[in-house]
Amino acid sequence: SRRLSELCHQCGLILKEVSLALHPRQLLLVIEDIDKASIADAERLFFDEPGPLADLPCKAIYTIPIFLQCSPRVQNLDPRFRLHTLPMIKIQNQDGTPSDTGIAAMKEILRRRMKLELIEADALKLAIDKTGGVPRDLFDVMISAASVARQAHDAQQRPREVITAADVRYGLNRRKSFILRGISVAGLPEAYKDITVEQLYERLKQYGRNPVPNAVSDPINLALMQAHALIEYNGERWYRVHPLVLEHVESL
């Protein structure tokens, strides 16, 4: 406890110095990956001992496990925290038609990180369609695809250093394997210990290609959202099965 208090104090001093250096701009601290913490650790950070994070002398954004937002203990959340859900970018409307606005947003997000002329048009479309409006998945796929494209160019297997649909498919397969590993009962909160993997996949099969408006926040759906197998979209609260997960489910 004493070491934690000292650490918080030192962090506060550093943040105050940074804030002074940035004045009149304000410091915004973003801490990711807390959503990957165990439920017990997340509850301790936000419900039981919120001080270290809540008392930092700056504005901050923290990611949290989806289970925390739907926990009965959420009423005990320290008032210094404000819960806000960031839905994924809608690249498909509820009726199945493409969302031009969402697709353009994904292209712009990617354009700010790479030269889009380095990827063929059909490869870019494939990457956006299959990652379902999840920026993290799109970035991961493009990093893998770019690595394969560079290797092929360096080996003189293609004349131009450009990312093809085959390169993107390689990245998609890697990302799909990662997501599928997360569809598991390992690490679920104790209250959800009776869920089985079979139930998770049955729910995915049930939802299939159809949009799911106002999906219930039951343990099965929470586990699927935590695994990013079920994606929440903006506008009206609705969900779809992740396109890469859908590929797997439809092959079973």
Side-chain angles (χ1 to χ4, degrees), residues 1-89 105 108-110 112-114 133-140 142-143 175 178-179 181-193 195 217 219 221-234 237:
S1 178
R2 172 190 255 175
R3 294 179 63 186
L4 178 59
S5 298
E6 179 61 24
L7 176 61
C8 293
H9 175 70
Q10 294 298 331
C11 287
L13 293 178
I14 293 172
L15 291 173
K16 287 177 181 178
E17 290 296 324
V18 174
S19 296
L20 287 174
L22 289 175
H23 186 77
R25 292 174 294 176
Q26 291 189 359
L27 172 65
L28 173 62
L29 180 66
V30 180
I31 301 181
E32 297 187 81
D33 287 346
I34 300 180
D35 54 306
K36 298 176 183 176
S38 69
I39 302 303
D41 287 342
E43 287 187 338
R44 182 169 59 84
L45 282 171
F46 292 97
F47 294 157
D48 302 326
E49 302 174 25
L53 294 181
D55 287 336
L56 292 179
C58 68
K59 293 182 178 179
I61 297 174
Y62 308 109
T63 57
I64 64 171
I66 189 69
F67 291 105
L68 233 61
Q69 184 172 345
C70 302
S71 166
R73 295 189 63 196
V74 75
Q75 303 301 326
N76 299 328
L77 188 69
D78 191 285
R80 289 170 291 183
F81 294 119
R82 292 177 56 192
L83 276 177
H84 184 70
T85 301
L86 289 177
M88 295 300 105
I89 297 171
E108 178 60 19
I109 289 171
L110 198 57
R112 291 174 179 265
R113 290 162 175 80
M114 66 174 288
V134 183
R136 179 186 298 177
D137 289 352
L138 180 61
F139 299 157
D140 182 85
M142 294 311 301
I143 289 170
R175 192 61 183 175
F178 175 81
I179 296 171
R181 285 196 297 270
I183 304 176
S184 168
V185 296
L188 291 182
E190 183 67 20
Y192 301 162
K193 63 181 180 180
I195 294 178
S217 296
N221 280 348
L222 289 177
L224 292 173
M225 283 188 278
Q226 182 74 10
H228 301 291
L230 190 63
I231 307 174
E232 181 178 355
Y233 288 101
N234 54 0
R237 185 169 172 263

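Note: D48 CG to D41 CG = 10.5 Å, rounded to the nearest 0.5 Å. To the nearest 0.5 Å, atoms CD1 (I31) and CG (L45) are separated by 9.5 Å. Separation of atoms NZ (K59) and CG (L27) is listed at 10.5 Å; rounding is to 0.5 Å. Going from atom CZ of F46 over to atom CZ of R80 covers 12.0 Å, rounded to the nearest 0.5 Å. Taking CG of L13 as the start and NE2 of H9 as the end, the distance is 4.0 Å to the nearest 0.5 Å. Annotation: the span from I195 atom CD1 to S184 atom OG amounts to 11.0 Å, rounded to 0.5 Å.
M142 places none of its side-chain heavy atoms less than 4.5 Å from the side chain of R113. Looking only at side-chain heavy atoms (C-beta outward), D137 and F178 stay at 4.5 Å or farther from each other. Residues L224 and I183 are in side-chain contact: their nearest non-hydrogen atoms beyond the backbone lie under 4.5 Å apart. Side chains of Q26 and L22 form no contact here, defined as non-hydrogen atoms less than 4.5 Å apart. Between E43 and N76, every side-chain heavy-atom pair lies at or beyond the 4.5 Å cut-off. A 4.5 Å side-chain heavy-atom check between I109 and L138 finds every atom pair outside the cut-off. Using a 4.5 Å heavy-atom cutoff, the side chains of L83 and I64 are in contact. D35 is not listed as a side-chain neighbour of Y62, based on a closest heavy-atom distance of 4.5 Å or more.
Considering all non-hydrogen atoms of both residues, P50 and D78 come closest at CG-OD2, 3.7 Å. The minimum heavy-atom distance between S19 and P57, with the atom names listed, is OG-O, 4.3 Å. In terms of heavy-atom proximity, A105 sits nearest to I89 at CB-CG2, 4.3 Å.
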Might you work through the side-chain contact (heavy atoms from CB on, under 4.5 Å) test for R136 and M88, ending with a clear yes or no? CA-CA 10 Å; R136 179 186 298 177; M88 295 300 105; over 6 Å; no
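More than 12 heavy atoms of other residues, nucleotides or ligands lie within 6.0 Å of CD in Q10, so this atom counts as buried by the packing criterion. Summarising the local packing, CD of E32 is surrounded by 12 or fewer heavy atoms from other residues, nucleotides or ligands at distances under 6.0 Å.
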